[in-house]
Each structure stands twice: as structure tokens, then as C-alpha cells.
Number of protein chains: 2
Amino acid sequence: MENESTATSLKLFIVLSRAYKAINEHVNKVIQAAGLNPTEFAVLELLYHKGDQPLQQIGAKILLASGSITYVVDKLEHKGLLNRIACPKDRRVIYAHISDDGKKLIQDIFPEHAEQIDKLMSSLTEEEKTAAIELLKKLGLSAGKF
Amino acid sequence: MENESTATSLKLFIVLSRAYKAINEHVNKVIQAAGLNPTEFAVLELLYHKGDQPLQQIGAKILLASGSITYVVDKLEHKGLLNRIACPKDRRVIYAHISDDGKKLIQDIFPEHAEQIDKLMSSLTEEEKTAAIELLKKLGLSAGKF
DNA sequence: TATAATAATTTTGAAATCGAGATATTTAAA
DNA sequence: TTTAAATATCTCGATTTCAAAATTATTATA
């Protein structure tokens with residue numbers, strides 16, 4: 001442990017990991033109870049809230065390797081929750097488009113999902129949450145650049 | 001989205017997830033460059049810093065299923081980085097004990113590991129890190145209780 | 001226009017993880 | 001003491017993920 005900064009950073013890393021894992025453990029239960037795994041939910045929710053996305057963009061946004069995207073999108077397509085749509089401008093590109101069933105599923109799950117997250121965060125005041133958001137945003141953005 | 005609190009909580013969840021993943025991605029590279037995967041590192045580091053542990057305790061501490069513990073400990077044992085030691089008091093229990101080679105490896109990796117985490121956190125001031133630690137500690141503890 | 005470099009997706013094989021069940025041991029209860 | 005319940009580890013099969021290579025399409029360059 002070379003210096004003070006390193007010690008603080010290590011501690012931050014530990015509490016960040018613990019908080020993430022503790023929260024995620026609970027969040028995943030709600031999602032899995034709906035018959036999706038966390039990755040499938042992340043993809044569907046992205047499409048629901050942000051509209052059609054090229055597969056590659058999905059991978060970039062939820063941090064998943066290209067091969068895994070193919071796998072997850074296949075599964076969601078087989079379940080009838082999304083469709084692949086060829087891009088007319090660039091034939092390398094394939095868009096994922098959420099289906100009506102997919103929309104219904106997200107509409108079913110999302111309120112409970114949001115409510116649970118709010119419950120899990122309820123130990124912080126609004127001001128503390130806002131402060132945490134700013135700090136973590138800065139951290140995530142700069143860490144992403146290395 | 002029912003209310004203001006929920007919206008803030010969802011945003012916090014998102015930035016928390018992204019920060020965690022962005023940081024972890026880099027941290028894992030250092031570990032993998034040393035020939036370990038993140039779980040193997042977590043086990044060895046636990047043994048290094050906290051001493052011998054029953055396999056079951058390892059699983060509890062790094063949140064891994066029993067079947068996975070067997071798998072990871074097997075790998076570390078084959079690499080000569082730890083040994084299984086039978087508990088004389090309770091013949092169901094097996095301790096994992098870090099070997100001299102395992103100690104050497106952690107001593108090799110840990111400084112760089114710590115330095116990299118410090119670098120990844122360098123966009124925050126010491127005060128900001130301390131603030132983030134407090135907020136995340138509170139969050140992780142309360143989320144763990146649900 | 002060819003050719004090469006870049007880009008998006010898919011394929012493939014290997015690794016990591018989980019959950020359920022199997023085995024062995026210990027503890028508690030009848 | 002015998003039985004039942006609980007505990008620790010391991011085995012097995014299935015799922016999820018990644019990394020590298022393959023395929024197809026586009027863009028830039030000679």
C-alpha cells in the first residue's frame with residue numbers, strides 16, 4: 001500500500017463492488033421471476049426505452065461481447081420478444097426491434113423492477129442519491145476512457 | 001415511473017452498474033495478465049490476507065456457489081497455489097491454505113492491482129472518494145439486509 | 001476499377017458459473 | 001442408541017459468456 005490515495009481507492013473499489021453485488025442480487029430475482037435473465041432484460045429494456053438498436057450498439061451499451069449479443073438476441077427472437085430487421089442503408093447492420101409481446105413484458109416487469117430498486121436505495125436521501133449519481137458518473141466516465 | 005424518488009433511484013442504479021463494470025473491466029486485465037481469472041484472484045487474495053478458510057466460507061465471502069468453489073479450488077490446487085487441508089475436528093470440512101508460490105504470486109500482483117485501481121479512481125479527489133465510500137457503504141449495507 | 005482496410009455479425013470452442021442431487025459426516029431428537 | 005435433520009463438499013448437466021476466427025459488406029486508396 002504505497003500511499004493514502006491508494007488506500008482510499010482500494011476501499012472505494014471494495015464498497016463499490018459490494019454495493020453493486022448486493023443490489024444486483026435482489027434486482028436479478030425480480031427479473032428471473034419473470035422468466036428472463038439479467039442480460040435478456042437489459043437488452044429488452046434498452047429497446048423499449050431507446051428504440052431500435054443495431055446489435056453492435058447493444059453490445060456497446062450493455063458491455064457484452066459481440067458473440068454474446070448474437071446469443072442473447074437469438075434467444076429473445078425465439079421467444080418472440082424481438083425481431084431482427086435488416087438496415088436498408090448498410091447491409092452489414094441488423095437492428096433489434098422489440099415486439100408487441102416484448103413491450104407487454106417490459107410493461108409488466110418494469111414497475112416492480114423500479115419499485116424494488118427504489119426500495120433498495122431507500123437508505124439514502126434524495127440529496128445523497130444525487131450526490132452519489134454525480135460521483136459515480138464521473139468515475140464511470142473516466143474509467144471508461146482508460 | 002411513479003415518482004421523483006424512483007427516477008433518482010433508477011438513475012443511481014444505472015450509474016452504479018456502469019461504474020462498476022467499467023472499473024472491473026480494467027482491473028480484470030491486470031489480474032488476467034498474471035494468469036489468474038478474477039475469481040481465482042479473489043480466492044487467493046482472501047487466503048493471503050485472512051488466512052486459511054474452509055471452502056464453504058470462501059463461497060460465502062466471495063459469493064460463489066459450492067460447485068464453483070470446488071472448481072476454482074481445484075484449479076488453484078493444480079497450479080500449486082494452494083493446498084487442501086483436512087480439518088481434524090470435523091471431517092466434513094476442508095481448509096484452503098495458500099502455498100508459498102501462491103503468496104509470491106499475490107505479492108507480485110497486488111501492488112500493480114492497487115496502483116491500477118488508484119489510477120482508475122483518479123478522476124475523484126480524496127474528498128470525493130471519501131464521500132463516495134460513505135454513500136456506497138450505507139447503500140451496500142442496507143441493500144444486503146433486504 | 002481493383003485492392004486493402006475497416007466494420008458488423010455470426011460461428012466455434014473453451015471457460016466459468018449455477019442449481020440440483022449425491023455422498024459423507026455431524027448434530028439433534030426421539 | 002437409533003433415527004432424522006443439518007452441514008460440507010463434490011459431481012453433473014445446463015446456461016452464459018468470452019475470444020478468436022470466419023463471413024459479408026462498406027469505405028478508402030492506389
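We use all heavy atoms of the structure for the numbers below, so side chains are in, but hydrogens, waters and symmetry mates are not. Throughout, protein chains are lettered first and strands after them, A, B, ... in sequence-line order, and every chain is numbered starting at 1. Computed from a predicted structure; not experimentally measured.
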Engineer: Start at the 5' end of DNA chain C and walk down; is the nucleotide closest to Lys75(B) or to Gly67(B) reached first?
Structural biologist: Lys75(B)
Engineer: To the nearest angstrom, how far is Leu64(A) atom CG from dA8(C) atom P?
Structural biologist: 16 Å
Engineer: Atom CG of Asn24(B) to atom P of dT17(D): distance rounded to whole Å?
Structural biologist: 15 Å
Engineer: Could you walk me through whether Leu81(A) and Glu40(A) pass the side-chain contact (heavy atoms from CB on, under 4.5 Å) check?
Structural biologist: CA-CA 10 Å; Leu81(A) 301 175; Glu40(A) 293 173 311; over 6 Å; no
Engineer: Examine dC10(D): is either OP1 or OP2 under 4.0 Å from a nitrogen or oxygen in the side chain of Arg84(B)? Give yes or no.
Structural biologist: yes
Engineer: May I have the distance from Asn28(B) (atom CG) to dT17(D) (atom P), rounded to whole angstrom?
Structural biologist: 15 Å
Engineer: Indicate whether OP1 or OP2 belonging to dC18(D) is found under 4.0 Å from a side-chain N or O atom of Ser68(A).
Structural biologist: yes
Engineer: Between dT17(C), dT26(C), dA20(D), which nucleotide gets closest to the side-chain atoms of Arg92(B)?
Structural biologist: dT26(C)
Engineer: Are any of Thr70(B)'s side-chain N or O atoms less than 4.0 Å away from OP1 or OP2 of dC10(D)?
Structural biologist: yes
Engineer: Contact class for Ile58(B) vs. all strands (heavy atom < 4.0 Å): base, sugar-phosphate, or nothing?
Structural biologist: nothing
Engineer: Tell me whether the side-chain N or O atoms of Ser66(B) pair up with the base of dC10(D) as donor and acceptor below 3.5 Å, since no angle test is needed here.
Structural biologist: yes
Engineer: Among dT17(C), dT9(D), dT17(D), which nucleotide sits nearest the side chain of Tyr71(A)?
Structural biologist: dT17(D)
Engineer: Once you round it to whole Å, what is the distance between C1' of dT16(D) and CG of Leu36(A)?
Structural biologist: 15 Å
Engineer: To the nearest angstrom, how far is Tyr95(A) atom OH from dT9(C) atom C1'?
Structural biologist: 14 Å
Engineer: Nearest whole angstrom, please: distance from the P of dT12(C) to the CG of Asp74(A).
Structural biologist: 12 Å
Engineer: dT10(C), dA8(C), dT26(D): which one has an atom nearest the side-chain heavy atoms of Leu55(A)?
Structural biologist: dT10(C)
Engineer: Val93(B) side chain: which of dT10(C), dT9(D), dA16(C) is closest?
Structural biologist: dT9(D)
Engineer: Is the closest side-chain donor-acceptor distance between His97(A) and Asp52(A) under 3.5 Å?
Structural biologist: yes
Engineer: Counting just side-chain N and O atoms, does Asn37(A) come under 4.0 Å of either OP1 or OP2 of dT15(D)?
Structural biologist: no
Engineer: Of all the nucleotides listed (dT16(D), dA16(C), dT25(C)), which has the minimum atom distance to the side chain of Asp90(B)?
Structural biologist: dT25(C)
Engineer: Classify Ile69(A) by what it touches in the nucleic acid, base, sugar-phosphate, or nothing, heavy-atom distance under 4.0 Å.
Structural biologist: nothing
Engineer: Given atom CD1 of Ile94(B) and atom C1' of dT26(C), what is their separation to the nearest angstrom?
Structural biologist: 15 Å
Engineer: Given side chain to side chain donor-acceptor pair (under 3.5 Å), test Gln53(A) with Lys61(A) step by step and report yes or no.
Structural biologist: CA-CA 10 Å; Gln53(A) 304 280 328; Lys61(A) 287 187 181 157; 3.1 Å; yes
Engineer: Figure out the CD/C1' separation between Gln56(A) and dT10(C), and round it to whole Å.
Structural biologist: 14 Å
Engineer: Quick one: do Gln32(A) and Phe41(A) satisfy side-chain contact (heavy atoms from CB on, under 4.5 Å)? Show the steps, please.
Structural biologist: CA-CA 9 Å; Gln32(A) 275 158 354; Phe41(A) 178 78; over 6 Å; no
Engineer: Would you sort out whether Leu12(B) and Leu124(A) count as a side-chain contact (heavy atoms from CB on, under 4.5 Å), showing the intermediate values?
Structural biologist: CA-CA 11 Å; Leu12(B) 177 50; Leu124(A) 300 186; 4.0 Å; yes
Engineer: Under 4.0 Å between a side-chain N/O of Thr39(B) and OP1 or OP2 of dA16(C), yes or no?
Structural biologist: no
Engineer: Lys119(A): which residues meet the salt bridge (charged side-chain N to carboxylate O under 4.0 Å, His left out) condition with it, sequence neighbours left out?
Structural biologist: none
